[in-house]
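Order of the sequence lines fixes the chain letters, A, B, ..., with proteins taken first and strands second; residue numbering starts at 1 for each chain. Every heavy atom of this structure was used, including side-chain atoms; hydrogens, water molecules and symmetry mates were not.
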Amino acid sequence: MTEILLFAIPAFFIILGALIVVFAKNPVHNAMGLVLTLTSLAIVYITLNATFVAMVQMLVYAGAVMTLFLFVIMMIGVDKPDQSKESIKGQSLLISGTLIILVAIVLFVILENGLNWALFFPESENIIDGTPSLIAGVMFTSWVLPFEIISILLIVATTAALALAYEFKKSDSND
Amino acid sequence: MILEILILGVVALPLLTSIFLKISGKFLNELLTNFITINAALLSVGLSSFMFGYIFLEKFKPLKFELFEWYPSPQIIIEFYLDGLSGVMMVLISGLSLVIQLFSTSYMSKDEKYTKYFEYFNFFVFSMLLLVLSGNFLVMFFGWELVGLSSYLLISFWYEKKSAAKAGNKAFILNRIGDFGFLIGLMMILNHFHTFNFIAIFNSSLISQPKNLDLIILFLLLGAFGKSAQFPLFSWLPDAMEGPTPASALIHAATMVTAGVFMLVRISPMLQFSEIGSLVIIGFGLFTALIAAFAAINQEDIKKVLAYSTISQLGFMFIAIGAGAYVAAIFHLVTHAFFKALLFLGAGAVIHEMHHEQNIHKMGGLRKKMPITSAMMGIGTLAISGIPPLAGFWSKDEILASVFSKGGIYYGFWALSLLAAFMTAFYMGRHWLLIFIKEPKIDLDNVHEAPKNMTRPLIILGMFTIFIGFINTPFFHGLEKVLEETLHHVEVTHLPEGLTLAILAILSIGAGFTGLAFAYLIYIFDVISYFKVRIPFLIEIKKLSKNVIYINDFGNAVFVKGLKSASRRIAVNIEGMTIDGLANGISNYFLKSSTRMSYVQTGLVRSYVVYFGLFTLILIFIFLISPGVLA
Amino acid sequence: MIEVTSDWYLTLSAILFSIGFLGMMFRKNALIMFMCIELMLNAVNLTFITASRHLGLIDGQIAVFFVLVVAAAEVVVGLAIIVSIFKKQESASVDMLSSSKG
Amino acid sequence: MIGLTYSFVLIPLVSTIFIFCIPKRRAELFRPLTIFLSLIPLGLCLYIFLNQNLKTSFNVVDKFSWISAYGINLTFGLSGMSFLLITLNCLLVLLSILSLNENHGHSKGFLGSLMLLQASVNGVFLAGDLISLFIFFEALLIPMYFLMGIWGGENRRYATIKFILFTVFGSIFILAGTIYTGVLSYLSSGSFALDFETISSLSFTSSQSKILFLLFTFGFLIKVPIFPLHTWLPDAHVEAPTAGSILLAGVLLKVGAYGILRVSIPFFTEGFIEYQFLIAILSVIGIIYGAIVAIVQIDIKKLIAYSSISHMGFVMLGISAGRFLSLEGAVIQMINHGITSGALFMLVGFIYDRRHTRRISDFGGLKQSMPIYAGVFLFTSFASIGLPGLNGFVGEFMILMGSFPTFQFLSSIAAFGVVLAAIYMLWAYQRMFNGKLIHEENKEIHDLNSKELVAVAPLLLLMLFIGIYPSFIESYVLQDVSVIYESINNILGES
Amino acid sequence: MSQISEAIGFNLIVISPTVTLVITALILLFFTITIETKMIVKKVITFSGILVTLFCVFLKFGLFSQNGVSSYFTQKILLDEFSLFGNVLIGLILFLNFIPIWGTSYELNEKTSEAIILILMSASGFFLMVDAENLIMLFIGLEIGSISLYALAGLNRIDKLSNEASLKYFLLGSLASCIFIYGVALVYVSYSLMSVYDFALAIAYTGPDLIPLTTFIGVLLIFVGLLFKIAAAPFQSWAPDVYQGSPTGYVGYMASIVKVASFIVIARICMVSVRFILEDFETFFFTVIFLSVLIGSFFASIQTDLKRLIAYSGVVQSGFILSGITSGVNGTSSSMFYLFAYILQLIGIFTIFSIISGKLSSNFEMDNIRGLMKNNRFLAISFCVFMFGLAGIPLTSGFVSKFILLTNLWAYEKYFLVSILLLSTVVGFYFYLRPIWIATIEKVDEPIEMLLIQKSEYLLIGSLASLTILFGLLPNTLINISRWVVQNYL
């Protein structure tokens with residue numbers, strides 16, 4: 001029972017947060033919804049024995065990323081809610097079509113397989129703990145190359161942001 | 001061997017003359033042209049007479065000459081063949097061409113394109129000689145078509161005149177319709193006999209009478225109808241009178257139009273087996289003879305009367321062929337050539353002196369002004385009417401008698417032919433009387449006798465018209481002997497004997513005289529107004545006659561206009577709207593639907609996201625339902 | 001007694017992913033579309049963690065780190081793009097961007 | 001003779017490059033130089049004519065490895081028929097350059113395109129395998145595109161695109177056929193070899209043969225063009241510049257018929273026997289239909305274009321009949337139509353240069369101001385309508401004679417095309433040249449000059465020569481045709 | 001240390017192209033931040049960096065000849081024929097695009113170095129992508145490359161279209177990445193697979209019948225993510241907008257490099273990972289190819305913007321290449337040939353575009369090339385050559401590639417596919433010949449301003465055009481190379 005509760009309560013908040021992200025009018029509310037989802041996810045991670053990941057999730061996502069989001073939201077203005085009216089012709093139709101197909105596929109699969117994800121391997125008896133040491137052990141041996149490579153991605157991201165958003169004074173005077 | 005080459009000489013001489021005139025035409029004046037062309041014609045006459053004499057001495061044993069291989073398989077050789085039939089034609093053509101050229105030197109003088117006229121003229125003679133001297137069907141077809149070409153050139157000689165140009169076209173195209181039949185005939189012949197050589201074909205057709213012989217004959221007949229201006233295809237001949245009159249004399253009286261008759265006699269070894277063919281020939285010939293005679297009665301143009309008369313006389317020749325009297329046909333061909341050439345040249349002289357007035361109602365009383373011409377044309381008229389002892393009598397009488405002698409249904413044909421003979425006399429009488437005898441309506445002061453260069457040929461032809469008939473009388477079968485070798489295996493209808501022949505002769509003479517007498521009574525004595533006779537429907541009949549029972553108009557409306565409007569309709573509706581329209585429609589539809597489809601590309605990210613999701617799901621769905629996945 | 005199996009978590013992540021996708025379709029604000037992408041990436045992470053637990057392998061958790069960094073890098077670039085566009089048109093609505101189409 | 005074949009492709013190509021290298025300021029050099037350069041292949045033809053026995057069937061002479069991994073070679077060879085067509089092509093290119101007016105004669109691009117066209121058409125006739133045939137078949141679109149596009153008439157865009165799309169639509173079928181043949185060849189021999197020798201040694205099942213025949217023939221028939229697929233031709237002719245029209249009618253249309261003779265029939269004979277009647281029907285419809293539509297055309301060039309449809313219908317009738325004589329006739333007619341319609345288009349070009357109109361009604365009585373021109377035109381018209389003694393007759397006659405045993409009724413109908421030909425040609429002639437000079441402009445018009453006469457004279461001589469002595473051409477065609485005929489006979493004999 | 005490095009398969013040569021590019025980029029970054037340097041110095045550094053990269057690719061050939069197909073870094077990096085072919089192509093693209101890229105970046109003034117760094121980094125990412133054995137590794141490489149390209153698209157910030165392109169590319173690209181990585185996650189969770197060879201081994205081990213549906217869907221999602229990158233329909237909608245908006249000088253690079261990397265990856269997955277169950281995806285791929293050819297042809301026919309036209313033509317060409325890859329070994333080899341030939345034409349065309357319309361421009365209407373023949377004959381003729389190549393006219397490489405591709409498809413008995421592809425070439429003639437018409441045939445009224453073209457650009461375009469013709473005339477070498485790529489799977 002606790003297991004179920006441990007799953008169900010965060011799951012409820014995850015979905016709630018996601019729905020807030022999608023449906024809330026005010027960008028700040030959306031951001032807060034996202035925070036809710038991310039935090040609840042961290043809880044789920046803990047129940048899945050991925051404690052270190054959960055910590056990183058809290059730090060990086062709920063901390064750094066969300067700060068960035070909020071910062072931008074503040075910068076570009078909070079008080080401009082979306083036009084709720086659909087302006088694109090046929091968009092709603094297409095969306096509902098998509099939804100119908102999605103539902104159809106899901107129903108189709110459920111009817112075929114039940115709510116069974118048909119995982120090839122049975123659930124492992126061996127419960128691993130996502131401790132930092134275990135992760136580091138793998139990360140710095142077999143995953144060392146991607147780990148190093150990911151730094152390139154960060155450089156790229158920085159450079160890209162620099163190139164896109166940073167204005168030099170010279171061009172300012174030109175405007 | 002050397003003699004055989006001379007056949008080539010006969011054919012080539014006019015061609016060389018023509019080419020020479022073409023090349024050096026710019027530098028020649030009239031005199032030089034005359035010199036060249038008349039001398040060439042003389043040479044040609046000499047050469048052909050020599051050849052004729054030679055085969056005469058050899059008892060008309062055919063001469064053959066192979067020039068070169070035109071096509072290897074099936075072997076088709078450009079070959080020539082000289083026998084009695086082609087010999088007669090050869091002499092006739094070269095002789096007449098000399099006489100007519102002589103006439104032309106005067107008639108055509110001062111024309112801008114003087115040299116060109118002789119160039120075409122000689123080319124025509126070449127084509128005609130090629131036709132008659134041909135040794136196989138292909139060479140004959142060569143000549144056949146080239147005759148069409150040269151007549152086209154001569155008819156539309158004065159091309160500035162729209163009517164002349166049109167007449168030339170009409171002549172060529174109607175001839176082509178005939179040639180179409182000829183061509184199909186040739187296809188069947190080649191398919192059946194695998195050769196074009198006359199002798200080979202005739203020999204094999206004697207041995208095994210081919211099944212579709214009737215069909216072959218009928219198609220060849222269409223060719224003959226076209227060239228000889230028989231019923232469905234005759235309307236080009238009256239129109240062809242737009243050409244220079246001497247040319248008409250040669251083409252439309254003496255030679256070209258007789259090509260059909262010549263061809264049918266040439267194929268008589270095949271023709272004799274086809275009863276349907278014979279019946280068709282005699283039927284159409286008779287019909288043509290009657291219609292043309294009827295049409296000739298009320299024509300106003302001096303040349304058109306002669307043209308219709310030619311058609312009618314050709315009908316007679318066809319009747320003869322249909323009745324199997326091939327000799328009679330050729331005989332009539334020969335005599336007709338002379339008297340019709342005479343008539344045409346006479347008409348030419350009249351036209352020349354009347355300053356190109358061609359309406360006979362505007363003439364009259366020319367006898368005094370142009371005595372020689374009137375006399376000679378009188379001889380021609382009598383000859384064509386069948387008055388003995390002139391040429392026309394002998395030949396026409398022979399035809400009538402031959403028809404009669406076949407018996408059965410041919411009695412009916414005979415009676416109708418006699419009617420046609422009567423009509424011939426009637427309209428020819430009218431023609432001559434209106435021109436020369438009737439009181440003139442206009443001032444004729446400046447009308448004189450034609451120059452000597454014109455009258456001399458007339459006189460020569462007049463002499464021939466009188467005497468040529470004696471070559472084949474019931475008492476002396478000269479022509480029959482000439483053609484004996486040619487018609488060796490052919491069953492020729494012969495004349496009845498004794499009393500029947502005499503009665504028939506008297507009847508035909510009677511028809512001729514009655515016709516002339518009627519003409520005199522009606523047009524000079526004016527018997528109708530004198531006795532106040534009221535003939536019902538006179539005006540309608542006159543109209544019918546004048547318009548040739550509207551056959552021409554009917555043809556125009558149905559075929560010319562019909563073809564034009566049909567092709568216009570096809571060009572617009574089928575070509576433009578259906579075929580092209582379909583192609584354009586497809587491309588337009590493609591572009592239109594592309595434009596419509598491209599609205600999907602809204603430029604909005606959210607649409608793209610939806611497509612992304614939608615199509616991902618669709619693809620997954622497709623994957624799931626694709627065979628073998630969930631099974 | 002119902003047991004919480006991996007299927008439950010996977011279903012949760014699938015739902016989360018779908019909601020994220022749906023949000024991309026609905027929302028006009030680039031920023032919020034962007035948050036939806038974050039949602040979807042988190043759904044992926046959840047799957048990886050579940051996999052790690054299910055298979056008893058640590059690799060799934062390692063993968064999460066990389067996805068996380070990618071997400072962060074995307075956030076940086078994405079926000080930079082949004083900011084630079086916002087400077088132009090004073091709005092973060094993507095519906096105003098349809099100059100190139102057809 | 002190694003290298004003899006592909007030099008027919010290479011020489012014009014090199015010539016093109018050479019022309020492009022001359023600086024623009026020496027524009028007066030372009031034409032003499034091109035004339036000289038286009039004399040070279042003609043000289044080569046003469047050399048072959050004198051030194052080689054070409055009265056043979058197709059002989060492979062040169063071979064290049066192209067895609068060795070697939071075993072595909074580019075093969076070139078010669079036969080009597082190819083030789084005739086190549087000579088015709090070289091001659092027509094030379095003459096069309098001779099007949100150019102100042103406008104085109106001084107343009108590098110124009111001359112270069114002509115040479116390129118020559119190269120690619122030669123390539124088609126020399127090709128000894130399907131792939132080089134296809135390559136050159138498509139490659140000739142490029143020069144045609146520029147010739148029509150840059151130097152064409154008012155409506156050239158529509159016409160060019162139509163031309164290209166129709167041809168390409170056909171050529172995809174040929175490509176499909178080529179690919180299919182290659183695959184079959186692979187299945188039997190292990191390589192995708194596409195040369196004619198390999199293909200003729202393959203044995204196709206009856207259904208394969210039918211499919212392949214349809215694929216190839218459909219593509220080629222569009223090029224011929226056959227009845228319902230012909231609409232590109234009139235438009236293309238009307239809009240193309242004179243030289244383009246000459247070559248389009250003269251040689252490009254032959255490419256299709258050549259392909260059928262070289263590929264479709266000998267290799268896929270069963271298919272041919274299955275569908276010959278269909279092709280014959282379409283050809284006969286084309287003969288009559290083309291002629292009927294030609295009658296009412298008001299544009300002389302369009303009229304000749306429709307007459308081409310009619311004449312090429314004869315070629316296709318001859319081919320479809322599959323008789324020895326009819327096949328020979330078809331090949332001869334191909335040559336003849338090239339000569340005649342080339343000359344006709346050249347003549348129309350001359351008058352267009354003078355008057356800048358092609359409407360028949362804008363002329364009338366021209367014979368008075370241009371007698372020589374009228375004479376030449378009449379001569380050519382008569383050649384076109386098949387007057388005995390001129391070339392047009394030989395081909396049509398042989399076709400009709402030859403096809404009669406196979407299709408009695410159809411060939412009889414086709415013979416009526418001869419009558420219609422006389423109607424449209426002579427009627428047009430009458431309206432253009434006879435009658436009075438109505439239009440003022442036509443009075444001042446000058447007759448053909450010596451340059452133009454030189455351009456057209458060889459064609460006139462050829463018309464006369466072939467008409468009088470067709471055995472000459474026949475001897476070149478003989479072997480090719482007997483190969484085709486034998487393949488047909490073999491199949492007919494078996495069944 | 002050496003033991004560890006041996007254990008994890010450490011080998012610097014395998015990743016040397018990436019490393020070289022990163023180092024070059026870092027040097028540039030260093031110069032930009034610290035010392036004011038002349039442009040020419042940076043240019044030399046960049047160019048030599050690219051040359052060294054090419055040399056490193058060459059070194060990898062040496063390694064390959066030594067070790068054969070082998071994995072490095074504990075199955076993260078793979079060295080096989082596909083990766084070598086991909087390396088060569090990417091290096092070539094970088095090398096050939098250097099001139100337009102530099103020109104474009106130079107016009108950005110103060111952003112030059114950033115742009116160059118982004119490009120070098122993206123190339124390094126794509127190098128990793130084609131080298132990756134592990135799917136996570138692949139994802140990282142893909143992201144490095146893509147994120148750089150998102151930024152590149154938007155570098156011309158004063159242009160609204162450029163911004164728009166950047167945002168669209170970014171949003172949709174991220175979405176595609178999400179789908180891709182979700183697919184990876186699904187495959188992992190259901191079948192415990194993360195690397196390309198694992199797939200083949202596992203399928204061979206368990207047999208195709210036991211593969212869970214989730215895995216299938218995961219693979220499908222992976223494919224969708226990659227199909228998005230190659231702009232295959234129905235995921236093509238971003239391509240025209242992005243091509244149109246991005247600075248013209250970059251589009252050639254952006255378009256070609258993504259396609260090369262993604263196609264190599266798709267080819268490898270099809271050839272290696274799912275080769276035993278490729279038939280299961282037949283309907284899926286057929287739908288994609290069909291839609292690509294159809295939508296590409298339809299939409300390209302009505303474009304007035306040349307860049308959009310090329311984008312849609314790219315959709316069609318993607319369909320072609322994909323059809324070979326998903327058919328079998330020989331088809332894949334012909335697709336590799338096709339890819340090579342197509343890339344050369346694409347780069348050539350966009351180089352010409354960037355010369356004519358200015359490197360930073362976004363819109364490039366068809367009217368802009370009106371009178372090109374009068375203006376610059378060389379450009380016009382090369383443009384025609386490239387267009388003819390795309391259309392597949394014989395004597396260009398386009399024809400050879402289409403021919404061998406269709407031959408192989410026919411041999412695989414995919415008749416319907418062949419007929420669709422053939423029909424699309426007919427439509428292709430329509431829309432490829434239209435720009436040629438405008439460039440060479442249509443007359444211009446006003447005098448044309450002369451274009452300024454550098455010698456190096458002449459050299460580049462000239463050599464690309466002659467390569468296009470050369471591969472059309474003598475395709476042997478390239479065909480043998482493309483067959484070598486797949487020789488292991490024959």
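- Rounded to the nearest 0.5 Å, atoms CZ (F142(B)) and CH2 (W70(B)) are 4.5 Å apart.
- A side-chain N or O of W144(B) and one of D179(B) form a donor-acceptor pair less than 3.5 Å apart.
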### Query
Where do R176(B) and E145(B) land on the salt bridge (charged side-chain N to carboxylate O under 4.0 Å, His left out) test, with the steps shown first?
CA-CA 8 Å; R176(B) 266 258 151 163; E145(B) 290 260 315; 2.7 Å; yes
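- Residue-environment remark: CZ (F68(B)) exceeds the threshold of 12 foreign heavy atoms within 6.0 Å.
- Against chain B, no residue from residues 78-85 of chain C qualifies, as none has a non-hydrogen atom under 4.5 angstrom away.
- Side-chain polar atoms of T50(C) and S6(C) form no donor-acceptor pair below 3.5 angstrom.
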### Task
For F182(B) and F141(B), run ring-ring contact (aromatic ring centres under 6.0 Å, His included): C-alpha distance rounded to whole Å, both residues' side-chain angles, the deciding distance at 0.1 Å, then the answer.
CA-CA 8 Å; F182(B) 200 142; F141(B) 191 67; 5.3 Å; yes
